[in-house]
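Numbering of residues begins at 1 and proceeds along the displayed sequence. All figures in this text were calculated on a predicted structure; none of them were measured in a lab.
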Amino acid sequence: MNSASILLRPWLNAGFEYLLAEDALRAGQLRGRTEPQRAQDPPGGPAPSPVRKGSRAPAVPPAQAHGQEKSRAAASRSVAAPPEAPEVIPLEKWSAPWQDLWRRHKIPPRPLVVWTYPGLGEDLTGHPDAGRRRVMRSILEGLAHPSGTHVFWPHRLPGEGDAAPVFWSAVGMLSPRAVMVLGSESRDALGLPRSMRPYAHRMLWGRLVVQLHRPESLASDDALLSSTQAFLASVLRFCAARQVRRPE
């Protein structure tokens, strides 16, 4: 056994086959062989050489590359495409309970934000929930926006069920800058993307649509309510700068 093999025996016994071998020939020499043994080729010919770090990958034909680029672009447009614009129904075609609520509800002339959640219909028609009222009062008092900035409009009434077209028609009539949707149930009822999660916000049909936790979750978690208030103070900064027109 040559001196190199003697010096390397501790390493070989530890399981190392070669150490800092600059090529296959040198590795064979360290193993006591003069030539590296070539692995048997698989059936069908020699295996293709792997692409090593720093080397170029095989070129893709221009036509194939163009097709791949078009596929990626189409997939991107598919993900980013907004949902279809909601149906708009004139006020006179709303059912009687909806028309009655519109006439009785104290709606400011030019609100900037519209709020909705599943239980809002009950809260506006004589069966308010104390927890929800406390949450919404806390949020609005914390924001301290000028009077008339916010308005509440339901997408569901007791005995009427969901009426997304009525909701979006009301939004179109009010023309706010933002719509606050509390809870995934409201999100789904209004036909919004299921990718919308709490604190997600997206421009849809010319308005900022913001997804939040449902009021019941905020009512039972003070930390969650505080984080929601901080988030709204940031995303609704445009409301604080609103100029309130004073009567002459």
Side-chain angles (χ1 to χ4, degrees), residues 80 82-83 85-86 101-102 105-125 128-157 162 164 166-245:
L101 178 63
W102 179 265
H105 193 32
K106 296 179 180 179
I107 299 177
R110 291 183 301 276
L112 293 182
V113 184
V114 171
W115 296 74
T116 196
Y117 52 84
L120 181 56
E122 286 81 0
D123 291 348
L124 294 178
T125 56
D129 178 84
R132 292 194 295 256
R133 288 171 65 91
R134 179 183 66 83
V135 164
M136 300 316 304
R137 185 183 300 111
S138 175
I139 289 176
L140 295 183
E141 289 177 353
L143 291 173
H145 292 155
S147 177
T149 300
H150 301 269
V151 66
F152 291 83
W153 186 253
H155 60 81
R156 174 188 303 165
L157 287 181
D162 286 313
V166 172
F167 175 82
W168 290 116
S169 298
V171 168
M173 294 167 64
L174 295 170
S175 192
R177 289 184 58 178
V179 177
M180 304 288 117
V181 180
L182 283 71
S184 59
E185 187 178 350
S186 290
R187 176 201 65 193
D188 296 343
L190 294 174
L192 296 172
R194 288 182 173 268
S195 59
M196 297 284 285
R197 295 289 189 272
Y199 306 123
H201 47 93
R202 185 175 173 186
M203 290 300 297
L204 292 172
W205 315 302
R207 310 185 199 285
L208 178 66
V209 178
V210 181
Q211 182 72 37
L212 300 171
H213 292 283
R214 62 194 185 100
E216 290 80 1
S217 297
L218 299 175
S220 62
D221 191 331
D222 290 340
L224 188 62
L225 177 58
S226 295
S227 63
T228 298
Q229 290 172 319
F231 167 76
L232 289 172
S234 174
V235 79
L236 297 178
R237 285 193 302 267
F238 61 86
C239 294
R242 177 179 186 175
Q243 296 295 324
V244 180
R245 184 176 180 180

Could you walk me through whether W153 and M173 pass side-chain contact (heavy atoms from CB on, under 4.5 Å), step by step?
-> CA-CA 12 Å; W153 186 253; M173 294 167 64; over 6 Å; no
What is the minimum heavy-atom distance between P111 and P108, and which atoms define it?
-> CD-O, 3.3 Å
Is any side-chain heavy atom of I139 less than 4.5 Å from a side-chain heavy atom of L218?
-> yes
Determine yes or no for a side-chain-to-main-chain donor-acceptor pair under 3.5 angstrom, with R134 supplying the side chain and A219 the backbone.
-> yes
Within the distance-only criterion (no hydrogens, no angle test), does the side chain of R207 pair as donor or acceptor with the backbone N or O of L204 below 3.5 angstrom?
-> no
Would you call H145 and L112 a side-chain contact if the rule is heavy atoms closer than 4.5 Å?
-> no
Working for side-chain contact (heavy atoms from CB on, under 4.5 Å), residues S227 and L224 | CA-CA 5 Å; S227 63; L224 188 62; 4.0 Å; yes
Side chain proximity check, L212 to W115, heavy atoms < 4.5 angstrom = yes
Residue pair A189 / A164: nearest heavy atoms and the distance that separates them | O-CB, 3.4 Å
Less than 4.5 Å apart, any side-chain heavy atom of L157 and any of V166?
-> no
Validation row: C239, L143 side chains within 4.5 angstrom (heavy atoms) = no
Straight-line distance of H201 NE2 to M180 CE, nearest 0.5 Å = 9.5 Å
Can you list the residues that meet the side-chain contact (heavy atoms from CB on, under 4.5 Å) rule with R133, with sequence neighbours excluded?
-> P128, R137
Please state whether the rings of F167 and H155 are parallel, tilted or perpendicular, taking 30° and 60° as the class boundaries.
-> perpendicular
d(T149 OG1, L140 CG) to nearest 0.5 Å is 9.5 Å
Result of checking H213, R214, R187 against P198 for side-chain contact (heavy atoms from CB on, under 4.5 Å) = H213
Got H150 and M136 here, is their nearest side-chain heavy-atom distance under 4.5 Å?
-> no
Can you see which heavy atom on L208 is nearest to which on V235, and at what distance?
-> CD2-CG2, 4.1 Å
From S184 OG over to R194 CZ, what is the distance, rounded to the nearest 0.5 angstrom?
-> 8.0 Å
Q229 versus S138, closest heavy-atom pair with distance | NE2-OG, 2.9 Å
Could you give the distance from CD (E216) to CG (L182), rounded to the nearest 0.5 Å?
-> 9.0 Å
Output yes when a side-chain donor or acceptor of S175 lies under 3.5 Å from a complementary backbone atom of G172, and no otherwise.
-> no
Evaluate the criterion side-chain contact (heavy atoms from CB on, under 4.5 Å) for residue pair V171 and W205; output intermediate values, then yes/no.
-> CA-CA 11 Å; V171 168; W205 315 302; over 6 Å; no
Can you check side-chain contact (heavy atoms from CB on, under 4.5 Å) on V209 and L190, steps first, answer last?
-> CA-CA 11 Å; V209 178; L190 294 174; over 6 Å; no
Taking all non-hydrogen atoms of both residues, which atom of P154 and which atom of G121 are closest, and how far apart?
-> CB-N, 3.7 Å
Please tell me if the side chains of F152 and D123 come closer than 4.5 Å, counting only heavy atoms from C-beta onward.
-> no
Do R132 and Y117 meet the cation-pi criteria used here (NZ or CZ under 6.0 Å from the six-membered ring centre, within 45° of the axis)?
-> no
Measure the shortest side-chain to side-chain distance between V151 and P176 over non-hydrogen atoms and say whether it is less than 4.5 angstrom.
-> no
